[in-house]
2 protein chains.
Amino acid sequence: MEQENQGPAFADFRAPLYEVKANLFKGLAHPVRIRVLELLSAAPEVSVSDLLSATGLEASHLSQHLSVLRRYRLVTSDRRGLQQFYTLADPLVAELLAVARGLLENVLHATKEDLETATVPRPSSTTRDTL
Amino acid sequence: MEQENQGPAFADFRAPLYEVKANLFKGLAHPVRIRVLELLSAAPEVSVSDLLSATGLEASHLSQHLSVLRRYRLVTSDRRGLQQFYTLADPLVAELLAVARGLLENVLHATKEDLETATVPRPSSTTRDTL
DNA sequence: TGATTGTTTGATGATTCTATCATTTAAGAA
DNA sequence: TTCTTAAATGATAGAATCATCAAACAATCA
């Protein structure tokens, strides 16, 4: 009784791959977690304190999402003194986010054109904002 | 009242990008939808009938997930006669799945080693199964 | 030791998602 | 028209997830 694994997470071998994969995406399916992973993508490691000030979240709220990310093995953590540092578990996590962004740009762009139905010649650069 | 958009989906411009991105992953976060997208990744287009027989799902169940995929703009559909054909909305969807698989292989492999704690020299090739 | 800062855990109600049933729309054939 | 097949929709109960709060734990310093 000393495993920190509680939920189904996805370290469940023997499960069909598409289920494991769906689980991976489930782990990514929250704005707070995306934000954290983006921050971790930009630096080799980030402390919880820094994540807190960068996101403005309540500590317990952030911690809960960090725990989810840990459970899904998307990040690893390491305590040094009073602070806890988090790192991406694999560089492919960052790549996944990058591909997602590319896809989003394509889809949003297509949708935008769709909405405007070939009316405006140029919609004032793209909708690149925050992050 | 003739828009087919009902849920929050993600064509919501003006939302911060990390939220839109989380939404994208939410759209992917179900085994049935992953399976469908994998099938669509392997062929230029697939009919609902073929998806039904390939997955063994109940028609309305599949249809509901197809509707989610449509709402999230991950697929497009096209009716020809009696049958409805589905296509990936963007090749990056397939790439996203490919990166996810790579990540999964890394993480699962690492986890496995972790579980075996450096005991067995070679765990009989990788856990590549179904799909 | 006790106080302090940093981080995690547990419990709760509210919200969202899933699977299944029954119903409905659409296209084509008889 | 009426029948059959293809697919989508609507409603619903049960499961999962989220945000919030209070409490616990860990490491350092006085």
Side-chain angles (χ1 to χ4, degrees), chain A residues 1-10 12 18-19 22-36 40 45-72 75-87, chain B residues 1-10 12 18-19 22-36 40 45-72 75-87:
Chain A
M1 245 191 235
E2 54 178 45
Q3 44 186 356
E4 78 163 24
N5 240 349
Q6 33 172 346
F10 78 178
D12 198 0
Y18 53 79
E19 213 170 298
N23 243 318
L24 164 63
F25 289 122
K26 213 184 283 186
L28 295 165
H30 193 286
V32 168
R33 299 201 285 272
I34 293 295
R35 263 184 114 176
V36 168
L40 294 182
E45 67 174 12
V46 185
S47 70
V48 174
S49 320
D50 286 349
L51 290 175
L52 275 176
S53 55
T55 60
L57 291 167
E58 197 197 341
S60 72
H61 191 192
L62 173 63
S63 182
Q64 221 166 28
H65 285 290
L66 286 175
S67 143
V68 173
L69 290 174
R70 255 183 283 131
R71 194 165 75 242
Y72 283 80
V75 302
T76 58
S77 66
D78 166 42
R79 168 161 240 143
R80 283 203 302 286
L82 265 181
Q83 292 197 309
Q84 186 97 17
F85 294 88
Y86 279 83
T87 314
Chain B
M1 248 193 233
E2 55 177 46
Q3 42 188 358
E4 79 164 24
N5 242 349
Q6 34 172 346
F10 78 178
D12 198 359
Y18 53 80
E19 213 170 298
N23 242 316
L24 164 62
F25 290 122
K26 211 184 286 185
L28 295 165
H30 193 286
V32 167
R33 299 199 286 271
I34 294 295
R35 261 183 115 177
V36 168
L40 294 182
E45 67 174 11
V46 185
S47 69
V48 174
S49 320
D50 287 349
L51 290 174
L52 273 176
S53 55
T55 59
L57 291 166
E58 197 196 340
S60 70
H61 190 192
L62 173 63
S63 184
Q64 224 165 23
H65 284 289
L66 286 175
S67 142
V68 172
L69 290 174
R70 255 183 282 131
R71 195 164 73 241
Y72 283 79
V75 302
T76 58
S77 66
D78 167 42
R79 167 159 241 142
R80 284 205 301 287
L82 267 182
Q83 292 196 309
Q84 186 97 16
F85 294 88
Y86 279 83
T87 313

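Numbers restart at 1 for each chain; the letters A, B, ... are given by sequence-line order, proteins then strands.
Look at A:Ser60 and you won't find any side-chain N or O under 4.0 angstrom from OP1 or OP2 of D:dT20. Within the structure, a side-chain polar atom (N or O) of A:His30 is placed less than 4.0 Å from OP1 or OP2 of D:dA19. In this model, the phosphate group of D:dA19 is approached by a side-chain N or O of A:His65 to a distance below 4.0 Å at OP1 or OP2. The phosphate of D:dT9 (OP1 or OP2) has a side-chain N or O of B:Arg70 nearer than 4.0 angstrom. In this model, the phosphate group of D:dA8 is approached by a side-chain N or O of B:Tyr86 to a distance below 4.0 Å at OP1 or OP2.
In this structure, A:Thr87 and A:Leu40 approach most closely via the heavy-atom pair C-CD1, 4.2 Å.
If you check every strand for non-hydrogen atoms under 4.0 Å, A:Arg33 touches sugar and phosphate atoms only. Note on B:Ala59: nothing from the nucleic acid sits closer than 4.0 angstrom, heavy atoms only. Heavy atoms of B:Ser63 sit under 4.0 angstrom from at least one base atom. No engagement by A:Ser47 is indicated, since no non-hydrogen atom pair under 4.0 Å with the nucleic acid exists.
Inspection of the A:Arg70 and A:Tyr86 side chains reveals an N or O donor paired with an N or O acceptor under 3.5 Å. Checked by atom type, the side-chain pair B:Gln83/B:Ser49 shows a donor-acceptor distance below 3.5 Å.
Under the 4.0 Å criterion applied to side-chain N and carboxylate O atoms, A:Glu19 and A:Lys26 are not assigned as salt-bridge partners.
Along DNA chain D, the nucleotide nearest A:Arg79 and the nucleotide nearest A:Val32 are compared for position; the residue whose nucleotide lies closer to the 5' end is A:Val32. Annotation: of the two residues near DNA chain D, A:Arg80 and A:His61, the 5′-most nearest-nucleotide partner is A:His61.
Rounded to an integer number of Å, the gap from B:Gln83 CD to C:dT25 P is 22 Å.
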